[in-house]
Number of protein chains: 2
Amino acid sequence: MEKNLKINPPCDDSCPVRASLTLLGGKWTLMILFQINEGIMRYGELKRAVTGISEKMLIQELNMLVENRLVNKKVYPEIPPKVEYTLTDLGLKTLPIVDKLAEFGLDNLVKKVGLNAKHQ
Amino acid sequence: MEKNLKINPPCDDSCPVRASLTLLGGKWTLMILFQINEGIMRYGELKRAVTGISEKMLIQELNMLVENRLVNKKVYPEIPPKVEYTLTDLGLKTLPIVDKLAEFGLDNLVKKVGLNAKHQ
DNA sequence: TTTGGTACCTACTAAATGGTTAGAATTACT
DNA sequence: AGTAATTCTAACCATTTAGTAGGTACCAAA
């Protein structure tokens, strides 16, 4: 006798949530994608934007994201070096996830100032 | 001269994405919420549903989720013990995130069988 | 010649996370 | 009496993940 309104199949290797989390579940991954967003970001800009990340983690994540075709990397053969990162089509498809994450945080976690928002 | 189409403020402590990730970013957290979903799940059911999780991680996460008011815990004073977990109102608000995660995984990561899905 | 700026890499260390094993509690069933 | 069932705890260990510190490369400007 099931009382479940919505029963999901077990979360094994073929579980789409697990698959996404394997790719995107790192501490910094979604925050980096969020910062690049629909724009063009240089390495140095990202370092400043993602407060608190170490250089090692940033390039490590960036390399991983490029490898997994979520991020495009454009290198200008200049001195000093200039590298631009943008989201690929696949990377852009992660933005709805990030948006929901931002929405949830905004509505429930981050203290809002003023803006008498009557719990809507 | 900015070429960014969409510029986000830096991701510091007040970044809603970061706040959400701090709460939900664990290896198992979102998968557990996904499995409970809109239903009622017992501890043992969850253990079977979230394939590969250890008992320790499961109760540890469950305790953390109860503490953070994402999950309700109903204990029946029976022997053998019976405990039911459901999402709170706040917990239910995480489902859109999980849905997007599932959607992304389904569309891009998990191999689909049959269903000649012409890249739509 | 030294310093600065940009984008990395590598080796080492530290911290966070996760896994294993054992056990407690209590009742029913054998 | 012994075993099973269910939920949960605690101690200990292994692995994974992240942070630190240092270095490379190249050219420009001081």
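Proteins come first, then strands; the chains are lettered A, B, ... in the order of their sequence lines, and each starts at number 1.
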Which heavy-atom pair separates A/Ser20 from B/Leu101 by the least distance, and what is that distance? OG-O, 2.7 Å
Where is the tightest heavy-atom contact between A/Phe34 and A/Val98, given as atom of each residue plus distance? CD1-CG1, 3.3 Å
Any donor-acceptor N or O pair under 3.5 Å, side chains B/Tyr85, B/Glu45: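 Their side chains do not contain a donor-acceptor pair, so the 3.5 Å distance test is not met.
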With distance as the sole criterion, is a donor-acceptor pair present between the side chains of B/Glu84 and B/Tyr43 under 3.5 Å? no
side-chain contact (heavy atoms from CB on, under 4.5 Å) with B/Glu67: which residues, sequence neighbours excluded?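 With neighbours one apart ignored, the set is empty.
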Using the side-chain contact (heavy atoms from CB on, under 4.5 Å) criterion, which residues pair with A/Lys27? Sequence neighbours excluded. none
Helix axis bend for the helix from C/dT1-D/dA30 to C/dT30-D/dA1 - C1'-based end axes, five pairs, 10° rounding: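 So the angle between the two local helix axes works out to 30°.
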Chain B reaches DNA chain C, atoms under 4.0 Å from its heavy atoms, from C/dG18 to C/dT27
Begin from the C-alpha positions of A/Glu38 and A/Leu95 and carry the test side chain to side chain contact (heavy atoms under 4.5 Å, CB included) through to its verdict. CA-CA 9 Å; A/Glu38 295 167 10; A/Leu95 291 183; 4.0 Å; yes
When rounded to the nearest 0.5 angstrom, what distance separates CG in B/Leu70 from CG in B/Asp89? 11.0 Å
What distance separates A/Asp99 CG from B/Lys100 NZ, expressed to the nearest 0.5 Å?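 So the CG of A/Asp99 and the NZ of B/Lys100 are separated by 9.0 Å.
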Donor-acceptor contact present, side-chain A/Arg69 to main-chain A/Gly91, <3.5 Å: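 Pair absent, no side-chain N/O of A/Arg69 close to backbone of A/Gly91.
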Report each atom pair, protein N/O against N/O of nucleotides 2-9 of chain D, whose distance is under 3.5 angstrom.
unit_1	atom_1	unit_2	atom_2	d
D/dT6	O3'	B/Arg42	NH2	3.1
D/dT6	O3'	B/Pro81	O	3.2
D/dT7	OP1	B/Arg42	NE	3.0
D/dT7	OP1	B/Arg42	NH2	3.0
D/dT7	OP2	B/Gly44	N	3.0
D/dC8	OP1	B/Lys73	NZ	3.0
D/dC8	OP1	B/Tyr85	OH	3.4
D/dC8	OP2	B/Tyr85	OH	2.7
D/dC8	N4	B/Glu55	OE1	2.7
D/dT9	OP2	B/Asn63	ND2	3.3

Ordered by number, residues from residues 20-33 of chain A within less than 4.0 Å of DNA chain C (heavy atoms) are none
Joint hydrophobic cluster, A/Leu46 plus A/Leu92, side-chain heavy atoms closer than 4.5 Å: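 Yes, same cluster.
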Could you check A/Leu90 against B/Asn108 for side chain to side chain contact (heavy atoms under 4.5 Å, CB included), going step by step and ending with a plain yes or no? CA-CA 8 Å; A/Leu90 183 57; B/Asn108 307 293; 3.5 Å; yes
